[in-house]
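The block underneath contains the structure these notes are about, expressed in structure tokens.
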Amino acid sequence: MERHPQYPHLFESLDLGFTSLKNRVLMGSMHTGLEEEKNGFEKMAAFYAERAKGGAGLIVTGGISPNREGWIGPFSSRMSTSKHAKEHKIITEKVHEAGGKICMQILHSGRYGYHPLVVAPSAIKSPISPFKPRALSISGIKRTINDFVKSAKLSKEAGYDGIEVMGSEGYLINQFISLHTNKRKDEWGGSFENRIKFPVSIVRKIREAVGPNFIIIYRLSMLDLINEGSTKDEVIILGKEIEKAGASIINTGIGWHEARIPTIATMVPKGGFAWVTEQIRKELSIPLITTNRINDPKTAEEILSKGQADMVSMARPFLADPELVIKAKENRADEINICIACNQACLDHVFKRTRATCLVNPRACYETELLPQSMTSMKNIAVVGAGMAGMSFALEATKRGHHVHLFEKENYVGGQFNLAGKIPGKADFNDSIAYFKHMLDKNNVNWHMNSNITIEELSKYDEVVIASGVIPRKLILPGIDHPKVITYPDLLSGKKTAGSRVAIIGAGGIAFDVAEFLTHDSSGSEEKRFLNEWGIDPSLESKGGLLDKGPEKFTPPRQVYMVKRSLGKFGAKLSKTTGWIHRLMIKKADVNQIQGVDYEKIDDEGLHLRSGEKRHCLKVDHVVICAGQVSNTSLFDECVVAGLKVHLIGGAREAGELDAKEAIREGTELGMRI
Ligand code: FAD
Ligand code: SF4
């Protein structure tokens with residue numbers, strides 16, 4: 001067979017003996033929230049079928065519980081009756097019609113469940129659920145194993161090509177393996193051999209029940225990132241036992257959910273955990289999948305070509321672009337809508353119990369609902385502003401055949417997203433800009449750069465879309481024009497540089513980003529720095545893969561202060577799944593947080609603060625203003641007065657801070673219906 005010229009390893013088939021996979025890309029498991037929705041199965045079928053059509057070698061569904069105790073939340077999805085199997089058939093049929101293969105993930109949440117029926121090896125509450133679990137009895141353990149087996153048999157009945165046993169991320173199986181959560185004195189606790197009996201029995205009994213020609217993936221926790229986690233030797237022993245028990249493939253699990261170390265957020269280097277799979281792969285003989293922060297075919301190919309794994313798993317990248325595999329195969333990688341690892345529309349939604357989607361692709365999980373409408377007539381449309389809102393609108397409208405003229409006052413596109421791309425860890429944001437630019441060129445949008453469009457010119461178009469974004473809010477304060485004062489756009493764009501002592505006024509998302517920008521240490525290799533900064537043991541020999549000496553203390557390049565008027569936690573409004581990381585990073589960088597103060601003035605001495613009767617001067621070289629933003633609507637107001645047919649989208653409609661999700665969604669929706 002001919003090898004793919006650019007991605008020879010990625011597009012190699014994988015022979016599992018009884019079946020083969022057409023390439024080395026797994027679409028990893030993601031809970032989308034569709035599982036629990038009305039008509040959820042039709043929606044999930046459309047969601048997975050698009051990804052199968054887009055070329056994924058194998059798909060794994062979001063986690064489905066084998067019984068009620070294993071629910072993630074009350075009444076979440078379960079596979080324990082023939083009725084459930086029948087419902088799932090709609091998914092498997094659609095995926096097979098699209099030429100794909102799909103496995104169902106069986107996930108028992110154990111003490112991570114968010115409901116009163118939770119069980120665990122021992123009655124120890126987890127830090128991420130308010131419900132204290134009941135310790136399983138010996139007969140309860142045996143019943144749970146049988147429920148896993150029944151669930152696997154039913155998934156075969158439903159037409160799945162296999163199952164994935166979720167043995168990582170701190171869920172029930174992991175809870176049995178670790179002394180952190182397993183304090184049992186019977187044959188299911190104590191020695192490591194006893195603690196791994198639970199996963200090994202599950203895999204062995206499933207294999208016996210489903211026969212040889214059914215894929216069994218076991219997600220093995222290779223790096224627990226908790227104090228009483230497994231050592232490398234223990235991971236290898238378990239991997240070998242799982243192999244013997246009849247698994248076809250081993251997938252990599254990194255970090256328990258309760259671990260306070262980022263594993264998939266933006267600051268994790270690309271492919272930043274492939275080295276873990278590589279070490280374990282040397283000791284095992286079945287194929288191994290690696291995972292976490294692999295978001296483009298180049299990174300995936302590099303991992304495979306270095307022999308770090310047999311397959312790569314990408315989950316969120318398939319939300320961002322269902323066709324990522326086929327685009328790579330057809331050498332159209334520059335047409336891939338890249339996942340920027342923000343979590344804002346996927347994991348953050350799931351944690352809030354709303355449907356997942358994607359910041360850069362609002363169609364994700366809305367495949368049956370968000371569709372381009374048929375066009376009644378072709379229109380000439382003017383768009384003002386080539387930020388994310390304007391570009392996403394223009395892309396959908398040009399794709400439908402409208403003539404779109406995009407007016408941008410700068411000589412570059414992307415608006416504020418360019419500033420986001422300067423923040424350490426957010427470089428992928430630049431790939432999003434490049435994607436939209438490329439797709440607009442391909443669809444022949446009419447660019448008007450360095451434009452100063454007037455209302456007279458706009459009145460020549462059938463419709464006008466104002467996407468002129470935001471401008472930083474100006475503070476009214478004595479000394480605001482002092483040379484010490486820097487706006488965040490001037491700082492991040494490189495127009496101005498900050499000295500060694502800096503105060504940031506503000507405590508929102510942009511202020512946190514600016515603090516990370518100012519305190520970032522860019523010396524040495526990114527991968528090494530990440531491991532040291534978070535205390536991860538690259539030899540994997542210590543328990544849980546955590547360095548005994550803990551995270552390395554680092555000296556930030558400058559002393560930074562963050563000041564705000566209100567009282568309360570800094571960054572309280574940051575997102576659920578990543579806010580804790582940003583707060584920790586600021587703490588590690590010794591950023592001094594001062595709250596409940598009034599800003600009196602800025603002068604040669606520094607920033608003068610007042611709290612009640614107390615006055616204090618922060619003797620800083622510069623003061624960076626991150627005091628929010630206001631919508632830039634002057635042109636919109638003129639359009640309204642002139643009676644033009646005008647639409648307002650993105651930051652120009654509502655100025656939030658980190659709100660590209662709304663900007664892109666509004667642009668896409670309007671572009672699909674105008
Ligand atoms: P803008 O990005 O402001 O774009 C407006 C465009 O219109 C600009 O290109 C501007 O030059 C142009 N324009 C204005 N007036 C005219 C005119 N009269 N004629 C022609 N052109 C005009 N959001 C997130 O969701 N997640 C993040 O992690 C995130 N991080 C960020 C980090 C930083 C440091 C910053 C500054 C922002 C961040 N954001 C983030 C916010 C995000 O960048 C904005 O929400 C998003 O860019 C809004 O898009 P927009 O198109 O509405 O506006
Ligand atoms: Fe990736 Fe962000 Fe989309 Fe989630 S919301 S899939 S992290 S781009």
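Just follow the structure's listing: the first ligand is 1, and inside any ligand the first atom is 1. In this text, all values refer to a predicted model and were calculated from it rather than measured experimentally.
- If you number the atoms of ligand 2 from 1 as listed, the ones under 4.0 Å from a heavy atom of I340 come out as 1 (Fe), 8 (S).
- Ligand 1 lies within reach of F429, whose nearest heavy atom is under 4.0 Å from it.
- Side chain of R400 to main chain of P372: no donor-acceptor pair is present (N/O by atom type, distance under 3.5 Å, no hydrogens or angles).
- Neither the backbone nor the side chain of V413 has a heavy atom within less than 4.0 Å of ligand 1.
- Taking both residues in full, the closest heavy atoms of T252 and I254 are given as CG2-CD1, 3.7 Å, listed atom of the first, atom of the second, then distance.
- Residues D348 and S575 have side chains that bring a donor and an acceptor to within less than 3.5 angstrom of each other.
- Residue-to-ligand polar distances place D659 within reach of ligand 1: an N/O pair is separated by less than 3.5 Å.
- In the displayed structure, K422 atom NZ is contacted under 6.0 Å by at most 12 heavy atoms of other residues, nucleotides or ligands.
- Checked against a 3.5 angstrom limit, the closest N/O atoms of L359 and ligand 1 fall outside it.
- Ligand-side atoms of ligand 2 in range of C346: 4 (Fe), 5 (S), 6 (S), 7 (S), range being under 4.0 angstrom from any heavy atom.
- Of the polar atoms of Q344, at least one N or O is found under 3.5 Å from an N or O of ligand 1, judged by distance alone.
- Few gaps surround NE2 on H257; more than 12 heavy atoms of other groups in view lie less than 6.0 Å from it.
- Residue contacts with ligand 1 leave out C342, since none of its heavy atoms falls under 4.0 Å from the ligand.
- Proximity of P317 to ligand 2, defined as any heavy-atom pair under 4.0 Å, is not found for any part of the residue.
- If you look at P489 next to ligand 1, there are no close heavy atoms at all, none under 4.0 Å.
- Geometrically, ligand 1 and E410 share no nitrogen or oxygen pair separated by less than 3.5 Å.
- E533 and K588 are not joined by a salt bridge, as no carboxylate oxygen comes within less than 4.0 angstrom of a charged side-chain nitrogen.
- Between E50 and R363 there is a salt bridge, since a side-chain N of the basic residue sits under 4.0 Å from a carboxylate O of the acidic one.
- For the residue pair S459/E456, the side-chain donor-acceptor check at 3.5 Å is not satisfied.
- Summarising the local packing, NZ of K53 is surrounded by 12 or fewer heavy atoms from other residues, nucleotides or ligands at distances under 6.0 Å.
- Against a heavy-atom cut-off of under 4.0 Å, G415 is close to the following atoms of ligand 1: 2 (O), 4 (O), 8 (C), 9 (O).
- Residue-ligand proximity, L492 to ligand 1, at heavy-atom distances under 4.0 Å covers atoms 34 (C).
- Closest protein heavy atom to atom 1 (Fe) of ligand 2: C339 SG, 2.4 Å.
- Not one N or O of Y488 is nearer than 3.5 Å to an N or O of ligand 1, by distance alone.
- Look at E396 and K399 and you find a salt bridge, because one of the NZ, NE, NH1 or NH2 atoms lies within 4.0 Å of a carboxylate O, short of that distance.
- For G651, a nitrogen or oxygen atom sits less than 3.5 Å from a nitrogen or oxygen atom of ligand 1, counting backbone and side chain alike.
- Taking distance alone, with nitrogen or oxygen atoms compared against 3.5 Å, L419 stays at or beyond that limit from ligand 1.
- The shortest N/O to N/O separation between M388 and ligand 1 falls below 3.5 Å.
- The distance criterion of under 3.5 Å between nitrogen or oxygen atoms is not met by G390 with respect to ligand 1.
- Residue Y412 places no heavy atom under 4.0 Å from ligand 1.
- For atom 2 (Fe) of ligand 2, the N/O/S atoms of C342 include one lying under 2.8 Å.
- With a 4.0 Å heavy-atom cut-off, ligand 1 is reached by the backbone of L658 and by its side chain too.
- Residue N411 comes nearest to M449 through the heavy atom pair C-CE, 3.6 Å, listed as atom of the first residue, atom of the second, then distance.
- For atom 3 (Fe) of ligand 2, the closest heavy atom belonging to the protein is C358 SG, 2.4 Å.
- Scanning all protein heavy atoms for the shortest distance to atom 5 (S) of ligand 2 gives L359 N, 3.2 Å.
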